[in-house]
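Have a look at the structure below before the remarks.
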Amino acid sequence: MTDEKLDQILKQALAPEISDREIRIHKRRKGKMKKFGKIGKYAAAVVAAVVIGTCGLGYFNPVLAAKIPLIGKIFEKVEDDAAYSGDYADKKTVLTNEDSVGNLDTSDYTVSDKGITLTASETYCDGYSIFLTVNIESEDADFTHIPKHYTGMKAADDRTAAGFYVDGTWGVDGGSPEGIENSFDGAVIDSHTFAGMLKIDLAKKHTGSGELNLNISGLGYDDDRMLDGEEISASHWTDGVWNITIPFEVNPTDVKTIEVGEKKGNITLEDVVVSPYQVIVHTATPGEQRELTDDRREKLLSKNPDMTDAEMFELLGWSYEPCYTICFNQDGEMLYADTEMAGRAGFAVQGKEIKTLNVFMFDNFDDWIQMEQEGMNSSAADRAVISKEIHVE
């Protein structure tokens, strides 16, 4: 079950008994897709105008854009500006096949519903995450009004990408479905075409080859013409069915795992994984199953009378001790923090050289915020539960 679904049901059924902080797995990247709704309407309009005005001819010229080959080359199109940026050319797997005369055959990786066609293009898997590129087309849409969100550490980095929301589930090799947590980072090609990259984090390390079963139930995007509204999130949303099976191959090249096994207080730093595009810090913190009280059962049954106790326990989930992680390389450059959940914190490499990692783990979110703002030499470093220098090379 996705965090969003958990939030929705718990807020409806249990609020105000369980606080937002208790029921949420902390996610720092979610808000970036809604950046324009938070930085002020005037500022948002200015940023949107600048971003849209600098996208080049392909953005405004459908005829020209249509002549640019996309399928099999979407990484090339979006890899500079996506949050998980980098050169994928030598590591990606192209899904499409050419026929005897050189035409691309995308039939195995194309699905259509509700006037929207989605074509899977390329994959890359480091064993811990699957990076998938897709082409989204809709004759009835006008994608040129999709605003961009920041994908760099700061707005001054001038790194932005267009965003496309996606809802649904995924599974690997017939395993239990998991909710899609991320959105597409990408580029608007023309009025009817969007090219993007989706990152799917695997529940456990994968080796060899596999099949990704992607079951999309909704697609949507924001509209910069609605900046005056209180909420522009996914103002263009379509429910439908886009199910597709995508083969992938784990590419272990340049993927390193450094065992640490350091425990202090309630936090254990188990290991660190460094791949060409991401850093993953694996942790362990104490947790316990949330109690199913009579009051909680009554409230949940008021929303779904057929819900079993097992389903209620699954919905309530576990409550973990807080853990907030931040990473810097040997030059003191902070790594872009993506999602952090119990047992795993993810960071985008974004082309930074990583010879040494400096990992700081806090049990207080305010300390994490201070260090994010002040950098590796912040006084907050003294309050880290674990601070560890890890040599990668």
Side-chain angles (χ1 to χ4, degrees), residues 1-6 25 27 29 72 74-75 82-84 86 88 91-97 106-111 118-136 164-185 196-219 240-257 270-271 273-283 314 317-318 338-348:
M1 176 172 294
T2 66
D3 295 331
E4 289 79 3
K5 189 65 174 179
L6 174 64
I25 292 173
K27 284 183 168 57
R29 185 170 175 241
I74 292 180
F75 272 129
Y84 282 83
Y88 288 79
K91 295 180 173 63
K92 69 179 182 180
T93 298
V94 178
L95 298 172
T96 52
N97 299 310
T106 63
S107 57
D108 290 340
Y109 308 111
T110 296
V111 288
L118 185 149
T119 301
S121 175
E122 306 136 274
T123 63
Y124 165 77
C125 180
D126 58 7
Y128 297 88
S129 301
I130 299 172
F131 299 78
L132 169 69
T133 63
V134 302
N135 188 62
I136 300 174
F164 213 105
Y165 296 99
V166 56
D167 195 14
T169 62
W170 63 270
V172 169
D173 297 336
S176 300
E178 301 282 346
I180 298 174
E181 298 292 346
N182 292 321
S183 300
F184 291 105
D185 271 349
M197 179 197 304
L198 177 68
K199 177 175 177 278
I200 294 174
D201 294 326
L202 300 173
K204 60 182 180 180
K205 182 181 178 180
H206 200 287
T207 59
S209 59
E211 284 189 337
L212 170 66
N213 302 305
L214 196 62
N215 301 308
I216 296 176
S217 58
L219 293 165
V241 178
W242 298 269
N243 296 339
I244 188 169
T245 299
I246 302 161
F248 67 91
E249 186 83 26
V250 174
N251 185 340
T253 305
D254 299 325
V255 179
K256 301 177 181 179
T257 300
E270 294 183 332
D271 63 57
V273 177
V274 180
S275 85
Y277 314 107
Q278 69 174 335
V279 168
I280 303 170
V281 178
H282 287 125
T283 62
E314 181 182 1
W318 285 56
D338 189 348
T339 60
E340 181 158 8
M341 61 186 68
R344 172 176 176 150
F347 304 86

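Values below: every heavy atom of this structure, side chains too, minus hydrogens, waters and symmetry copies.
Expressed to the nearest 0.5 Å, how far OG1 of Thr123 lies from NZ of Lys92 amounts to 10.5 Å. A distance of 4.5 Å separates OG of Ser275 from OH of Tyr124, quoted to the nearest 0.5 Å. Annotation: the span from Asn182 atom CG to Asp338 atom CG amounts to 5.5 Å, rounded to 0.5 Å. Here Leu202 contributes atom CG and Ile130 contributes atom CD1; the two are 4.5 Å apart, rounded to the nearest 0.5 Å. Thr169 OG1 to Ile180 CD1: the interatomic distance, rounded to the nearest 0.5 Å, is 6.5 Å. From Leu95, atom CG reaches atom OH of Tyr109 across 5.5 Å, with rounding to the nearest 0.5 Å.
Contact annotation: the side chain of Val166 approaches that of Leu198 to within less than 4.5 Å [non-hydrogen atoms, C-beta and beyond]. No side-chain heavy atom of Val250 sits less than 4.5 Å from a side-chain heavy atom of Asp126. The shortest side-chain heavy-atom distance between Leu118 and Thr110 does not fall under the 4.5 Å cut-off. Contact annotation: the side chain of Ile244 approaches that of Ile246 to within less than 4.5 Å [non-hydrogen atoms, C-beta and beyond]. No side-chain heavy atom of Asn251 sits less than 4.5 Å from a side-chain heavy atom of Glu249. Leu212 is listed as a side-chain neighbour of Ile200, based on a closest heavy-atom distance under 4.5 Å. Using a 4.5 Å heavy-atom cutoff, the side chains of Leu219 and Trp242 are in contact. In this structure, the side chains of Lys256 and Val273 stay at 4.5 Å or more apart for every pair of heavy atoms.
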### Task
Carefully, step by step, assess Glu181 and Trp170 under the rule side-chain contact (heavy atoms from CB on, under 4.5 Å).
CA-CA 10 Å; Glu181 298 292 346; Trp170 63 270; 5.9 Å; no
- Would Met197 and Leu132 satisfy side-chain contact (heavy atoms from CB on, under 4.5 Å), going step by step from the backbone distance to the final call? CA-CA 6 Å; Met197 179 197 304; Leu132 169 69; over 6 Å; no
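Residue pairs meeting the side chain to side chain donor-acceptor pair (under 3.5 Å) criterion with at least one partner in residues 203-212, sequence neighbours excluded, are Asp173-His206.
With no hydrogens or angles considered, no side-chain donor-acceptor pair links Asp185 and Tyr84 at under 3.5 Å. A donor-acceptor contact closer than 3.5 angstrom is absent between the side chains of Asp271 and Thr257. Defined by atom type and a distance below 3.5 Å, a donor-acceptor pair is missing between the side-chain atoms of Thr93 and Glu122. Asn135 and Thr119 form no side-chain donor-acceptor contact under 3.5 Å, judged by distance and modelled atom types alone.
Pairing each heavy atom of Ser183 with each of Phe164, the nearest pair is CB-O, 3.3 Å. Gly72 and Ser121 get closest at one heavy-atom pair: N-OG, 2.7 Å. Looking at every heavy atom in both residues, Gln278 comes nearest to Ser129 through NE2-OG, 3.0 Å.
Ion pairing of Lys91 with Asp254 is present here, as a side-chain N (NZ or NE/NH1/NH2) and a carboxylate O approach within less than 4.0 Å.
Every residue meeting the ring pair (Phe, Tyr, Trp, His ring centres under 6.0 Å) condition with Phe75, not counting sequence neighbours, appears here in chain and number order: Tyr88.
Two rings, from Phe184 and Tyr165, have their centers 6.0 Å or more apart.
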